[in-house]
Amino acid sequence: MSTQSNRPLLPPLDSAPGPAAEIPTARAAGIVDAVLREHGLGEPTGESGRGGGASRFGRTGWQVAAGAAVVLGVAGAVMAAYEYLTHGEPVPTRGAPPAREPSTSSGGEGRRLTPAMPAAPAAGELPARVAVEPAPESADAVAQSPQPRAPEDLLRLANELRAGRRWRAAEQMYVRVRREYGSAPQAYPATIAAAALRLEHLGDPRGALRMFRAALAAKPGGPLALEARQGIADCHRALGDAASEAQALRELLASHPGSALGPRAEARLRELSSQEP
Amino acid sequence: MRSDGKDDPIRTPPASLSAVAECAAWNGDVGYETSPPIDLRVRAAARGDRAHAASLLAELLPRVRNLVRYLVRGDDEVDDLAQEGLLAVLRGLHTYRGEGSLESWVDRVVARTVFAHLKRRQHDPARAGVHGVELAVSIGDGAPPDVYVSRRLMAALLDELPFDQRHALVLHHVLGMSVPEISDELSVPSETVRSRLRLGMARLRARVGEER
């Protein structure tokens with residue numbers, strides 16, 4: 001590595017990219033939304049806009065977790081998301097964490113984007129019971145096995161493949177969830193996850209666009225609709241279609257007023273306008 | 001503005017105030033004659049205005065993520081800790097008095113949040129964190145790739161340093177804190193801070209030399 005002689009080793013802090021890894025805008029918006037929610041400022045409603053109870057929250061913690069999983073493919077976040085989907089957990093109320101909420105080591109309220117690992121027993125203390133569990137089956141074995149699998153198992157394995165940077169295999173597993181369990185709750189986040197992989201890692205913005213559109217058509221007001229609309233705009237941008245990108249951004253702003261993605265969408269629209277001949 | 005169209009001589013704000021602070025002054029939100037001007041957006045966010053809070057957090061997030069990455073090893077925990085840091089900022093926003101820049105205030109809050117997390121984790125060795133995935137540079141937001149890459153590599157070299165040297169280097173060079181300020185922040189003697197800076201920078205320069 002070489003550093004330019006006129007650049008300090010450790011430059012003053014700023015907002016330019018680096019050293020933190022860049023993340024897609026949807027991911028950044030998810031972080032902001034999660035902070036607002038933890039602080040009691042949920043999605044704006046027709047009233048004051050200040051969250052006073054869970055029923056006024058347009059996006060709940062598990063939805064943010066699912067959105068985060070779309071972008072980062074963190075297994076635990078999607079586990080939390082489809083646990084809600086499959087077990088029909090009620091929308092959590094402020095101050096009353098749901099039964100299945102992952103524990104946080106900090107003890108703070110709200111949900112982390114990635115669940116905390118469980119605390120280890122104190123030194124010298126043995127767990128009361130030691131459960132012997134069979135070794136987990138590898139994702140490859142599952143992928144090649146014709147044996148039917150539960151959708152939650154396939155989704156978990158897809159996330160593991162993604163965490164292991166096996167983009168193609170992960171995408172195929174997400175597509176399998178969608179194909180074999182199209183009506184199951186897991187199909188929706190799997191579609192978004194597959195679309196994100198196609199766009200970000202597999203060089204297939206057209207395929208990603210089809211999947212983002214499919215997810216949006218299936219659930220126009222779904223919990224990942226914002227991510228789907230941002231994904232559609234990003235696909236158009238990758239395809240060099242400025243007009244379609246601008247239209248997608250306008251639809252995003254109209255459909256999700258006050259979202260954290262709004263300022264960036266507006267900024268991008270201004271940029272596109274300035275580029276018009 | 002008075003009814004005769006002339007500026008109210010008592011309420012006319014000094015020319016040095018930002019436009020936003022001027023609005024606040026005219027609205028009577030800021031007693032600029034007795035306290036420093038504070039961004040109207042910050043005040044609104046502190047009062048619970050969601051839109052202003054969202055806008056403020058979105059603007060701060062890249063800087064906060066960068067600071068977290070400077071302070072911790074690897075990318076795994078950056079977003080979680082950035083979220084925790086922003087939450088601490090939002091919760092404490094009402095205590096920001098406009099003394100010093102907002103960014104400097106935010107930097108201190110975030111740094112303390114990270115240090116508290118690292119201290120808790122010392123007593124919880126099982127918390128290994130989830131191994132995240134390094135994402136490729138996202139499309140858009142065109143960063144000069146050489147600057148981005150060099151910063152990423154610098155963070156990787158910082159990962160090799162002990163935390164005490166790393167944090168001293170970051171607080172001093174990245175955040176611009178003085179040795180006495182770092183001494184107060186970390187509750188260690190000034191001479192210890194100087195020693196950590198000296199040793200840390202020597203190791204960093206040696207590693208940079210090896211990488212060339």
Side-chain angles (χ1 to χ4, degrees), chain A residues 1-4 7-25 27-29 31-32 34-36 38-39 41 44 49-50 71-76 105-106 108 110 112-120 162-163 165 200-201 234 237-238 258-260 263-264 268, chain B residues 48 50-51 53-55 57-58 61-63 65-70 75 78-80 82-84 86-87 90-91 107 117 120-121 124-141 143 147-148 150-155 169-170 173-176 204-205 208 211-212:
Chain A
M1 183 199 75
S2 63
T3 57
Q4 295 181 7
R7 192 182 299 155
L9 277 184
L10 291 170
L13 187 66
D14 58 28
S15 298
E22 286 207 282
I23 55 175
T25 50
R27 170 68 175 171
I31 294 173
V32 171
V35 174
L36 293 170
E38 286 196 50
H39 190 60
L41 299 178
R50 185 163 188 178
V71 179
L72 284 182
V74 177
S105 62
S106 65
R112 292 285 172 264
L113 294 182
T114 53
M117 299 291 286
R162 186 189 171 107
R165 305 173 67 90
E200 294 164 19
H201 296 288
D234 289 341
R237 183 171 184 174
S259 85
R264 281 187 177 260
R268 177 61 184 160
Chain B
R50 188 190 190 279
S55 171
L57 295 181
L61 179 61
R63 182 187 180 93
R65 291 184 72 249
N66 282 342
L67 175 56
V68 172
R69 181 60 184 93
Y70 270 126
D75 294 314
V78 168
D79 287 343
D80 271 359
Q83 180 180 336
E84 219 172 304
L86 284 178
L87 185 61
L90 199 52
R91 284 176 172 164
D107 294 344
H117 164 81
R120 282 193 303 270
R121 198 175 62 182
D124 189 0
R127 177 166 168 69
V130 178
H131 291 293
V133 175
E134 174 152 342
L135 300 174
V137 175
S138 62
I139 56 173
D141 293 353
V147 173
Y148 176 70
S150 78
R151 289 182 176 193
R152 293 282 292 162
L153 289 173
M154 187 54 59
L169 287 173
V170 171
H173 293 284
V174 178
L175 296 189
L204 203 60
R205 286 201 172 113
V208 169
E211 292 289 333
R212 285 184 179 153

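Keep in mind it's a predicted model, so treat the numbers as computed, not measured. In what follows, chains are A, B, ... by sequence order, proteins preceding strands, each numbered from 1.
- Applying the side-chain contact (heavy atoms from CB on, under 4.5 Å) rule to Ala20(A) yields the partners Arg65(B), Asn66(B), Arg69(B), Val78(B); only residues at least two apart in sequence or on another chain are considered.
- If you take CG on Asp79(B) and CZ on Arg27(A), they are separated by 4.5 Å, rounding to the nearest 0.5 Å.
- Within the model, atoms CG of Leu9(A) and CZ of Arg205(B) stand 6.0 Å from one another, a figure rounded to the nearest 0.5 Å.
- Looking at Leu61(B), only its side chain comes within 4.5 Å of chain A, counting heavy atoms on both sides.
- With chain B as partner, the option from Asp14(A), Val35(A), Leu13(A) having the largest number of non-hydrogen pairs under 4.5 angstrom is Leu13(A).
- Both the backbone and the side chain of Leu67(B) come within contact range of chain A, judged by heavy atoms closer than 4.5 Å.
- Across all non-hydrogen atoms, the minimal contact from Arg151(B) to Pro11(A) is NE-CG, 4.1 Å.
- Note that the CG atom of Leu57(B) and the CD1 atom of Ile31(A) stand 11.0 Å from one another [nearest 0.5 Å].
- In terms of heavy-atom proximity, Ser15(A) sits nearest to Pro62(B) at O-CB, 3.5 Å.
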**Request:** In sequence, state the C-alpha distance, the side-chain angles, and the governing distance for Val32(A) and Gln83(B), and then conclude on side chain to side chain contact (heavy atoms under 4.5 Å, CB included).
**Result:** CA-CA 7 Å; Val32(A) 171; Gln83(B) 180 180 336; over 6 Å; no
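- Across all non-hydrogen atoms, the minimal contact from Arg91(B) to His39(A) is CG-ND1, 3.6 Å.
- Residues Leu41(A) and Ala53(B) approach most closely at CD1-CB, 4.0 Å, considering heavy atoms.
- Arg63(B) pairs by the salt bridge (charged side-chain N to carboxylate O under 4.0 Å, His left out) definition with Asp107(B), not counting sequence neighbours.
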